[in-house]
Every structure is written in C-alpha cells, then in structure tokens.
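Just below is one structure, and these are the notes that go with it.
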2 protein chains.
Amino acid sequence: MTSEPVAFTLIAMNEGLIRREAVSDQLFALLRDRILGGELPAGAALTAERGLAAEFGVNRHAVREAVKRLQQARLVEVSHGGRTLVLDWRHTAGLDLAMGIAAADAGPTVEDLARDALEMRACIGADAARLCTIRCSEDTAGEIVEAAGRYARTGPDLTELADADVAWWRLIVEGSGNVAYLLAFNSLVGGTLPVADVPDDLRAAELLDVEAHQRLAAHIAAREAEAAERLARELLSRSVPATPRKAVR
Amino acid sequence: MTSEPVAFTLIAMNEGLIRREAVSDQLFALLRDRILGGELPAGAALTAERGLAAEFGVNRHAVREAVKRLQQARLVEVSHGGRTLVLDWRHTAGLDLAMGIAAADAGPTVEDLARDALEMRACIGADAARLCTIRCSEDTAGEIVEAAGRYARTGPDLTELADADVAWWRLIVEGSGNVAYLLAFNSLVGGTLPVADVPDDLRAAELLDVEAHQRLAAHIAAREAEAAERLARELLSRSVPATPRKAVR
DNA sequence: GCAGAAAAACTGGTCCAACCAGTTGACCAG
DNA sequence: CTGGTCAACTGGTTGGACCAGTTTTTCTGC
C-alpha cells in the first residue's frame with residue numbers, strides 16, 4: 001500500500017447530532033469498499049495491523065475487530081505471523097456481502113444489484129412456493145391462507161404493504177422446510193439496498209395484486225404445486241426491471 | 001445465564017500437535033452454536049463482555065472480537081451501554097451461516113442441511129444456466145464449451161472431478177451476470193458441509209455424466225435457453241437425496 | 001562462493017489495566 | 001405516586017506490554 005499523506009479521517013466522535021458509528025465499523029466498511037472497489041486487489045497484502053492503526057490514528061484493537069470481520073466475510077485471509085492477504089471476493093465472498101458491493105467503484109451499480117437480488121428472489125420464491133405446496137403441514141397451509149386474507153385488508157400504504165408481503169412470503173419460505181432458502185431470504189430482505197431502488201410502478205404491480213396473493217395461497221392449500229410455482233414466479237417477476245444488460249465478462 | 005460451575009474450557013494452547021485455534025474463533029463458534037441450538041433463546045440478553053471474559057478466563061478483547069462477529073452474522077444486536085440481545089436467527093441470519101447450523105442440537109441435521117443446499121444449488125444453477133444462455137458473451141460461451149471439453153478429460157477421481165465441476169459451474173454463474181447468484185454460489189460451495197455428506201452414488205450420477213455437461217455447454221453456446229435450463233435442473237437434481245421429509249412447522 | 005543455520009525484524013494473537021460514553025434502574029425529594 | 005438525580009451497570013476505546021508464529025537478513029562454516 002502506498003504511504004501517501006492520509007486524506008481519510010474516520011468520522012469524528014460528535015458529528016453534529018448524528019449517531020456516531022463505532023470506529024471498527026467505519027474501518028471495516030472502508031477496507032471492505034477498498035477491496036470490493038479494486039483498490040486493494042486480490043493477492044495483495046493488507047497493511048499490517050500496527051500500520052493501519054497508525055494510518056488512521058486509532059487503536060490496534062479497533063483494527064483487529066475490523067480485520068476479523070473482513071476475515072469472516074472471506075474478503076481477506078489472515079495467517080498468524082504472516083501477512084494478511086486480500087482474497088478475490090468474486091470467488092469467496094458470500095451472499096451476506098451483497099449490501100456492501102454497491103459502494104464499489106468498478107463493481108456493479110446499485111441498480112444492477114437490486115435487479116440481481118429481485119431475480120434471485122423470484123427464483124427462490126418460486127421454488128419455495130412449490131416445495132411449500134408439497135411439504136408444508138395443513139396448519140401452515142391454513143396460516144398462509146389466513147395471512148393472505150389479512151394481506152387483503154392491509155392499508156393502501158406501499159411501505160406497510162411491502163412489510164406484510166415480506167411476512168407473508170416468510171411463511172411460505174418457512175413452509176418449504178428448506179433452511180438454505182430461509183437464510184437466503186433473510187439475506188435478501190435484510191440487505192438495506194435490495195428493495196430500495198426499485199421503480200414504484202413495478203413494485204406496485206406486484207404488491208397491489210391482492211387477488212394473486214390469495215390465489216397463490218389457495219394453490220398451496222389445494223396442494224397444486226405446479227400452479228403455485230408458476231404463479232409465484234410470475235408474481236415475483238413483476239418487480240424485476242426488464243433492462244437488457246450488457247454482456248458480462 | 002446461570003452461574004453454575006463452568007464446565008467449558010477453551011482448547012488449550014498446545015493440544016498435542018493440533019493446530020491451535022484463535023480464542024476469539026473458539027468463543028465465536030461456541031456462542032454461535034449456543035444461539036443456534038436454542039440454549040440462548042431469541043430475546044435473551046447475552047452475558048456482559050466482562051462476564052464472558054471472566055467465565056472463560058480470557059481477555060475481554062477476545063470476547064469483543066467474537067461478539068462483533070456474532071453481530072455481523074446478525075445473531076445478536078448490541079447497543080452501546082445497553083445489553084446485547086440474542087436475535088431470532090431464523091429471521092435475521094444470512095446464508096453464510098449455513099455451515100454453522102449443523103452444530104445446533106435442536107436445529108436441522110447435517111443431512112437436512114446438505115439436502116437444502118443441494119436443492120438451492122439446483123434452483124440457482126438452473127436459472128443461472130438460463131440467464132447465461134441469454135446474456136453471456138460469445139467469448140464466455142466459448143470458454144464454457146472449452147471447459148466442458150477439458151472436463152471430459154479430467155481424471156476419474158471423484159474429488160478431482162468435483163473441483164472441476166465447481167469451476168465449470170462458476171463460469172456459468174459468472175456468465176449469468178447476476179452477482180447475487182455468484183455470491184450465493186460462493187456461500188454454497190464455500191461452506192464446509194454442503195457437499196460433504198452426499199451419498200457417493202448420487203454424486204457420481206451427476207459428476208460422471210460428462211456427456212450431459214458437454215450437451216449443456218452446447219445449449220448455452222447455441223443460445224437455447226429453455227433447453228439449457230431444463231438440462232441444468234435435471235443434472236443438478238441428481239445429487240439431491242429423494243428423502244421425503246417430515247412436515248415442517 | 002555458497003548452502004545452511006542462527007538471529008533479527010517483522011507479522012498476528014493475547015493479555016492487563018484504565019478510562020470514556022452511553023443505558024439502566026434504584027433511590028430520594030416533591 | 002411522580003419525576004428527577006445519581007450510582008452502577010453496559011459497551012467502546014485507548015495504551016502498552018508480551019507471546020507466538022513467519023519472513024528476511026545476516027553470519028557463519030564448509
């Protein structure tokens with residue numbers, strides 16, 4: 001890493017009245033973005049902990065917490081006594097990192113990422129609906145139908161509707177009995193950005209179609225797996241922007 | 001948390017000739033498993049950092065690193081000055097946590113989880129093949145065909161074949177242009193358990209079918225999206241155990 | 001001159017002790 | 001009972017020291 005005069009200072013303790021962020025969190029975010037942005041290329045060695053501490057004027061313990069998180073995110077590989085190496089996030093990073101990628105300069109934009117997340121949501125959701133139809137208990141099926149009924153009586157506010165929609169889908173994903181789907185679902189809805197930058201008209205086409213929600217619930221209760229899957233895919237695909245994307249790689 | 005005499009001691013420094021594990025890593029794993037196993041139920045307060053440090057006879061910084069990782073995994077919620085609360089992992093934890101769930105007593109078993117991961121792999125892989133067919137560049141399509149050719153010449157060793165298979169699928173997932181798929185793919189193959197406990201005969205049915213790999217590559221190169229998706233799904237589904245699962249929830 | 005061993009100079013890992021900065025809750029005045 | 005104050009928590013941060021590995025350099029001894 002170059003040793004040019006450091007222009008980065010972590011946010012001061014009291015930045016007006018804004019909530020202060022822990023230094024290790026700031027440092028983690030900063031290093032993460034540098035890695036995702038390509039400033040710290042794969043294979044390169046991260047500056048030593050003592051060096052980073054000096055560079056940012058913080059204690060080494062704070063640096064260690066940040067690096068430990070980078071390690072957990074599989075962005076770096078640390079070895080006792082040796083150097084800490086930057087990994088190729090495209091090969092190692094997991095889905096939980098999705099929310100952080102947008103900050104990268106060279107990487108995908110927020111729009112691309114939102115679209116990717118929605119695409120994945122449709123894919124997982126459709127299969128979850130299918131599996132739920134096949135595997136869930138009668139009680140769960142009943143709950144899903146009930147929840148669809150409540151959904152129909154949910155206020156016209158889009159935000160409120162979106163929350164209810166997530167809760168309803170959670171029932172289906174849980175009913176699929178697939179823990180991997182459930183965790184991926186959490187990653188997708190838990191990320192701050194995924195649903196943030198979707199055009200309202202697309203989102204509304206999905207959320208406002210109460211009748212489709214009830215129909216899907218009915219398919220699940222009636223154990224019509226194929227119909228449930230098809231409807232779920234169609235419903236979830238409405239929010240996916242149809243932007244043709246440039247060829248990759 | 002009860003204050004009964006502590007029966008847990010972290011692995012001593014030199015456990016024979018075994019590689020020692022960092023204290024914070026051990027502590028993280030221990031707390032994670034307690035949370036996933038239900039010993040620390042959602043909503044409960046985690047023992048204070050000083051308390052944990054005393055309980056396990058380690059320094060508070062080690063505890064902090066472990067807790068920080070729990071926080072990143074969205075297993076706990078920490079608030080400055082307040083208590084650290086245990087979250088409901090079924091609602092918050094992300095896909096990266098999958099590899100840790102098996103340790104839970106009450107949770108899904110390793111077999112269930114492996115099956116779930118394979119199911120998800122099939123779902124994502126099929127859609128990735130479809131998108132790759134639609135979106136990837138000619139160069140990428142060529143690479144995939146080439147790689148399939150190389151795959152045909154890969155040694156009969158199943159482990160070696162499995163590695164080549166992962167590398168080949170990575171090309172397809174990258175070609176799909178969907179970063180979320182790529183990260184989920186990393187989570188699935190990066191986890192230690194996912195493919196570990198799959199019956200060899202099932203796995204072999206997928207890996208040894210070299211001809212299907214080449215056919216799929218050909219579909220992608222010929223831009224036959226529907227055929228590619230169908231073949232991919234069929235191929236990836238072979239490794240999924242057909243065990244009927246008990247109803248969930 | 002050069003391979004190989006010793007040693008110095010790194011690296012990350014752990015600990016102690018103190019203090020700052022928020023939150024909680026008990027306690028006391030009204 | 002109400003409301004505010006303050007002590008006793010909680011997590012957040014700092015400094016310095018030392019242990020435990022790795023890497024690089026240096027100095028041997030042939």
Rounded distance in Å - [atom1] ([X]) to [atom2] ([N]):
{"X": "B:His80", "N": "D:dT13", "atom1": "NE2", "atom2": "P", "value": "8 Å"}
{"X": "A:Glu21", "N": "D:dT13", "atom1": "CD", "atom2": "C1'", "value": "15 Å"}
{"X": "A:Leu52", "N": "D:dT14", "atom1": "CG", "atom2": "P", "value": "14 Å"}
{"X": "A:Asp25", "N": "D:dG11", "atom1": "CG", "atom2": "P", "value": "15 Å"}
{"X": "A:Leu70", "N": "C:dG12", "atom1": "CG", "atom2": "P", "value": "13 Å"}
{"X": "B:Glu49", "N": "C:dA17", "atom1": "CD", "atom2": "P", "value": "18 Å"}
{"X": "B:Glu65", "N": "C:dC15", "atom1": "CD", "atom2": "P", "value": "10 Å"}
{"X": "B:Gln26", "N": "C:dT14", "atom1": "CD", "atom2": "C1'", "value": "13 Å"}

Please tell me which of A:Ser79 and B:Arg64 maps to the more 5' nucleotide of DNA chain D, matching each residue to the nucleotide holding its nearest heavy atom.
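Per heavy-atom nearest nucleotide, the more 5' residue is B:Arg64.
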Under 4.0 Å between a side-chain N or O of B:Arg83 and OP1 or OP2 of D:dG11?
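Result: no.
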At less than 4.0 Å, is any side-chain N or O atom of B:Thr84 found next to OP1 or OP2 of D:dG11? Yes or no.
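Yes, because at least one side-chain N or O of B:Thr84 sits under 4.0 Å from OP1 or OP2 of D:dG11.
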Between the axis at one end of the helix from C:dG1-D:dC30 to C:dG30-D:dC1 and the axis at the other (five pairs apiece), what's the angle to 10 degrees?
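Taking five pairs per end, the axes differ by 10°.
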Hey, can you tell me if B:Tyr151 and B:His213 have their rings parallel, tilted or perpendicular (30° and 60° cut-offs)?
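Answer is parallel, since the angle falls under 30°.
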Which sits closer to the 5' end of DNA chain C, B:Asn59 or B:Arg50, going by the nucleotide each is nearest to?
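Its nearest nucleotide lies further toward 5', so the answer is B:Asn59.
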So, A:Thr84 side chain and A:Leu46 main chain: donor-acceptor pair closer than 3.5 Å or not?
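Flag not set: sc A:Thr84 to bb A:Leu46 has no pair under 3.5 Å.
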Look only at the side chain of B:Asn186 and the backbone of A:Arg90, and say whether a donor-acceptor pair between them is shorter than 3.5 Å.
yes
Give, for atom CG of A:Leu182 and atom NE2 of B:His91, the distance between the pair rounded to the nearest 0.5 Å.
8.5 Å
State whether the distance check finds a donor on one side and an acceptor on the other, under 3.5 Å, for side chain A:His61 versus base D:dG12.
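There is none.
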Taking donor-acceptor contacts at under 3.5 Å, does the side chain of A:Arg60 reach the base of C:dG13?
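It does, because a donor-acceptor pair links the side chain of A:Arg60 to the base of C:dG13 below 3.5 Å.
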With heavy-atom distances below 4.5 Å as the criterion, would you say the side chains of A:Ser187 and B:Leu183 are in contact?
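The answer is no, as the side chains (C-beta and beyond) never meet within the 4.5 Å cut-off.
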Report the nucleotide, chosen from D:dG12, C:dT11, C:dT14, that has the shortest atom-to-atom distance to any side-chain atom of A:Ala48.
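Taking heavy atoms from C-beta onward, the closest nucleotide is C:dT11.
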Looking at A:Arg115 and A:Glu119, is there a salt bridge between them, counting it only when a charged N and a carboxylate O are closer than 4.0 Å?
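Looking at A:Glu119 and A:Arg115, the cut-off is met.
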For residues B:Ala147 and B:Leu171, report the shortest heavy-atom separation together with the two atoms involved.
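In this case the closest contact between B:Ala147 and B:Leu171 is CB-CD1, 3.7 Å.
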